[in-house]
Amino acid sequence: MVGVVERPASVPVPAGRPVLSLALASMMEDTRAQSGALYLLAADPPVLEMAVMAGLPRAFAAPWERVTLHARVPVADALRERRLVWIGGEEEMARRYPRVAVVLPYPFAMAALPVATATAAYGAVFLTWPSRSSELSEDERRRLVSACDGLAVRLERAARSNLPVHPEPDLLAAPTVDGLPGTLGALEAVRMVARLPYGLCSLDLDGRVGFANAAAAGLLGVPVRRLIGDRLWSAVPWLADPAYEDRYRAALLGQHPTSFVAARPAGDRLSFRLYPSRTGLSVRVGRARPPSPDENGEAAARTVPPAVDAPSRLVSLSQVVSLTGALAEAVGVRDVVQLVADEIAPTVGAQALAVLGSGAGRMRVLGHRGYAGPRAVERFDGMPLTEPTPGTEVLRTGVPVFLESVEELRRRYPLREETPDGFAAWAFLPLIASGRPVGTCVLAYDAPRSFSTDERAVLTSLAGLVAQALDRALLYDAKHRLAHGLQAALLPHTLPSLPGLEAAARYLPATRGMDIGGDFYDLVPTGGGAAAAVIGDVQGHNVTAAGLMGQVRTAVRAYTAAGQAPEEVMRRTNRLLIDLGTELFASCLYLRLTPGGGRAALARAGHPPPLLRRPDGEVRVLRSAGGPLLGIDPSAAYPATEIDLAPGSLLVLYTDGLVESPGVDLDDALAALGRRLAAAGDLPLDELADRLVGHAAEAEDAAERADDIAVLLLRTRGENSQVSSSGPG
């Protein structure tokens, strides 16, 4: 079933048998893939964990060592949707998976497949190719799917037999390796290379130096004995720049020669030319020359300025960059907390998290995930910042606190007599945006943990990204509360109770964007048992639209109180809108009715027609004559139409958000609304209003609904009956 992933608590692999490595190697051999990786699914939380990688250094996939099933990456999509995912090149990768493309912006193709049976999921596989002129053939697809299905069956059998899990080594070399030609002995090859006037190095797929001649050692300023066995950018500190390492990654993934120019501490420059193969790279080192096209017609070597205090590995940079896109998509504080829970906490191995803020000198819990119960965290909400706790200390000072055990917690914060939340290690990370603290991110671990220097640097970098997202989210939530508070203040809190008339109203704000809209409604008693109902929609979704909406609603009430006829109320309101000099327009529907008299007068200004459900259940659309939108034509007329209202009749007034959606014809939408009204029978109006609004909200993606919805329901009763009316609820 798509979207549902079930599996046992753990996936044991038969002891002494490298099942995963052999399966991955076989898939790569069958399709001539350059690299690949196999993930196993951990059940709690549901995270894909890399079990073995082949053909490339594991560091290349460091941001995706642990992947949640919610992550927008190929292996997660493949398992979640139970299908093969194919990405043909870097343009398609940038379009479909921008977070992957940002970290690996190189020309390569990728296929991801699920490892699952009909009843349970066990993991996923990805394979890469430097470049392909076409998609996978049907035979290649069949082989890959068959191999993954066969592996899933073997893992299922292993799980049933309760066989233990044994780690398997990564395969840095590809399945097929070309050997050194036999016509040239290895010893003579070394002697020949040693005589060359330029430097030569050999790197394996993990970047370690396997060979370097004397010329290379002299140019690099490092003895050969110190180069051999070490990564080139570790042995040569001034090469420890992610920009240079990027060229190494580009060569391996793209399987094309790449080059760069680096400045030595002495001030002169060296050129590096990297020639990749499926087993490693050959590097030619020489004195840099002025940029010019080389012998292949390619651009000259890329010049990159040296970095200052650059990290010796690219892992932390990759982890930070891969999450930037996701954090940029977070809108409110709840979104930030959910994203940290889904994408960051599993990646760094945390079992729980909390996001803390402050206000009026007290700690505020903005959100949390993974704790046994809400009291474990929420009891800290409202705690004075003067309390000696790690959370308050980080909020006050902006300095991170890492607690590797319960004993360290009690030693550093002796007033705490017990573990506050049931966990055994914590990272309290300050969230600082624009030089000011906006909160604290707490990561909790269920076992004691030693935080290495690299891990602390990664967590601190992640905290910086989270801080930017949280700062935006706090501002969004504050504006959202202010805007919708203004909207609520401009709408009636309750509807008046009138003899012979039952009324109910609902308002549902749009969920796309952060502004408010101009939808409004009202029910105004006019004396003698009569009433005027109005509903409208001012163009726009901002404070200006809401303010204008308030003016229109006030004007309608004033003209109604003055005893104006429906057509005159609309004409005067139109003139008022034009005199205000606003560039916004408004649609409006005005209804004057006397329930006891069984009659109503209707005037419309560019507004969708109301629906009438008769007592016998028949529903029809009241397509009365009307005029243009308010605020366009100062001479416009809005003729009124008389309609019959027998006792038990139901009128449905609404704004266009209830019926309009992309790709749906308005007449079809009105017909569907009529069918729902006919089937509703004599439901209480409150229940009917909830159903109508709820159906409209479900019809569109709740996260992408672009328009507000307002509904006003009116039902006539007998002349002596009186039913209380309800507002938006």
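This chain uses plain numbering: 1 for the first residue, then up along the sequence. Since the structure is predicted, the reported quantities are computational estimates derived from the model, not experimental observations.
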Participant: Might you point out which heavy atoms bring Leu589 and Pro610 nearest each other, and give the distance in Å?
Facilitator: CD1-CD, 3.4 Å
Participant: Check Leu658, Val659, Asp656 against Ile709 for a side chain to side chain contact (heavy atoms under 4.5 Å, CB included) and give me the one that passes.
Facilitator: Leu658
Participant: State the CD-OG1 distance between Glu660 and Thr655, to the nearest 0.5 angstrom.
Facilitator: 9.5 Å
Participant: Answer yes or no: is there an ion pair linking Glu567 with Arg571, defined by an N-O contact shorter than 4.0 Å?
Facilitator: no
Participant: Quick check against the 3.5 Å criterion: does Arg620 have a side-chain atom that pairs as donor or acceptor with the backbone of Arg614?
Facilitator: no
Participant: If you round to the nearest 0.5 Å, how far is OG of Ser358 from CG of Leu366?
Facilitator: 9.0 Å
Participant: Hey, mind stepping through Cys588 and Thr573 against side chain to side chain contact (heavy atoms under 4.5 Å, CB included) and telling me if it holds?
Facilitator: CA-CA 10 Å; Cys588 188; Thr573 305; over 6 Å; no
Participant: CG/Leu495 to CG/Leu685 distance, rounded to the nearest 0.5 angstrom?
Facilitator: 10.5 Å
Participant: If you look at every heavy atom in Asp519 and Tyr507, which pair is closest and at what distance?
Facilitator: CB-CE1, 4.0 Å
Participant: Apply side chain to side chain contact (heavy atoms under 4.5 Å, CB included) to residues Leu611 and Val619 and explain how you reach the verdict.
Facilitator: CA-CA 7 Å; Leu611 272 65; Val619 178; 4.1 Å; yes
Participant: Quick one: does His607's side chain have a donor or acceptor within less than 3.5 Å of a partner on Gly626's backbone?
Facilitator: no
Participant: So which atom in Arg72 and which in Tyr97 form the shortest heavy-atom distance, rounded to 0.1 Å?
Facilitator: O-CD2, 3.4 Å
Participant: Before you tell me yes or no, could you show the steps for Leu651 and Leu591 under side chain to side chain contact (heavy atoms under 4.5 Å, CB included), namely the whole-Å CA-CA distance, both residues' side-chain angles and the distance that decides it to 0.1 Å?
Facilitator: CA-CA 10 Å; Leu651 279 164; Leu591 186 71; 3.3 Å; yes
Participant: Can you establish whether the number of heavy atoms outside Arg334 located under 6.0 Å from its atom CZ is more than 12?
Facilitator: no
Participant: Please tell me if the side chains of Arg364 and Arg362 come closer than 4.5 Å, counting only heavy atoms from C-beta onward.
Facilitator: yes
Participant: When you measure from the side chain of Asp381 to the backbone of Val365, do you find a donor-acceptor pair of N or O atoms at a distance under 3.5 Å?
Facilitator: yes
Participant: Do Arg717 side-chain atoms and Glu502 backbone N/O form a donor-acceptor pair below 3.5 Å?
Facilitator: no
Participant: Could you go through the side chain to side chain contact (heavy atoms under 4.5 Å, CB included) check for Leu692 and Leu673 one step at a time?
Facilitator: CA-CA 8 Å; Leu692 294 179; Leu673 178 59; 3.7 Å; yes
Participant: In Å, rounded to the nearest 0.5 Å, how long is the span from CE of Met549 to OG1 of Thr554?
Facilitator: 9.5 Å
Participant: Is the closest basic N to carboxylate O distance between Asp667 and Arg623 below 4.0 Å?
Facilitator: yes
Participant: Do Leu491 and Phe520 have side chains that get closer than 4.5 Å, going by heavy atoms?
Facilitator: yes
Participant: With a 3.5 Å distance limit and no angle check, can you tell me whether Thr716 reaches the backbone of Leu650 through a side-chain donor-acceptor pair?
Facilitator: no
Participant: Is any side-chain heavy atom of Glu618 closer than 4.5 Å to one of Arg613?
Facilitator: no
Participant: Under the 3.5 angstrom rule, does the side chain of Tyr590 hit a backbone N or O of Ala640 as a donor-acceptor pair?
Facilitator: no
Participant: Against Val556, only a single residue in Leu576, Val534, Val524 fulfils side chain to side chain contact (heavy atoms under 4.5 Å, CB included); can you say which?
Facilitator: Val534
Participant: Under a 3.5 Å distance rule, please check whether Arg506 uses its side chain to pair with a backbone N or O of Val711 as donor and acceptor.
Facilitator: no
Participant: Just verifying a value: how many Å separate Met363 CE and Thr386 OG1, rounded to the nearest 0.5 Å?
Facilitator: 10.5 Å
Participant: Tell me the closest heavy-atom pair linking Ala600 and Leu645, and the distance in Å.
Facilitator: CB-CD1, 3.6 Å
Participant: Once you round to the nearest 0.5 Å, how far does OH of Tyr638 lie from CD of Glu568?
Facilitator: 12.0 Å
Participant: Looking only at non-hydrogen atoms, find the nearest pair between Leu356 and Gly391 and report the distance.
Facilitator: CD1-CA, 4.2 Å
Participant: So do Val333 and Leu474 actually touch side chain to side chain, heavy atoms under 4.5 Å?
Facilitator: yes
Participant: Measure the shortest side-chain to side-chain distance between Ile643 and Arg599 over non-hydrogen atoms and say whether it is less than 4.5 angstrom.
Facilitator: no
Participant: Are the side chain of Ser587 and the backbone N or O of Gly536 linked by a donor-acceptor pair below 3.5 Å?
Facilitator: no
Participant: Is there a side-chain contact between Leu688 and Leu677, using heavy atoms and a 4.5 Å cut-off?
Facilitator: yes
Participant: What I'd like to find out is whether the side chain of Ile578 reaches to under 4.5 Å of the side chain of Ile632, using heavy atoms alone.
Facilitator: no
Participant: If only atom types and distance count, is the side chain of Thr392 paired as donor or acceptor with the main-chain N or O of Glu387 below 3.5 Å?
Facilitator: yes
Participant: Is the backbone of Ile535 close enough, under 3.5 Å, to the side chain of Asp522 for a donor and an acceptor to pair up by distance?
Facilitator: no
Participant: Can you name the nearest heavy-atom pair linking Ala710 to Tyr521, along with the distance?
Facilitator: CB-CD2, 4.3 Å
Participant: I want to check something: taking the side chain as every heavy atom from C-beta on, are Thr560 and Thr526 in contact at a cut-off of under 4.5 Å?
Facilitator: yes
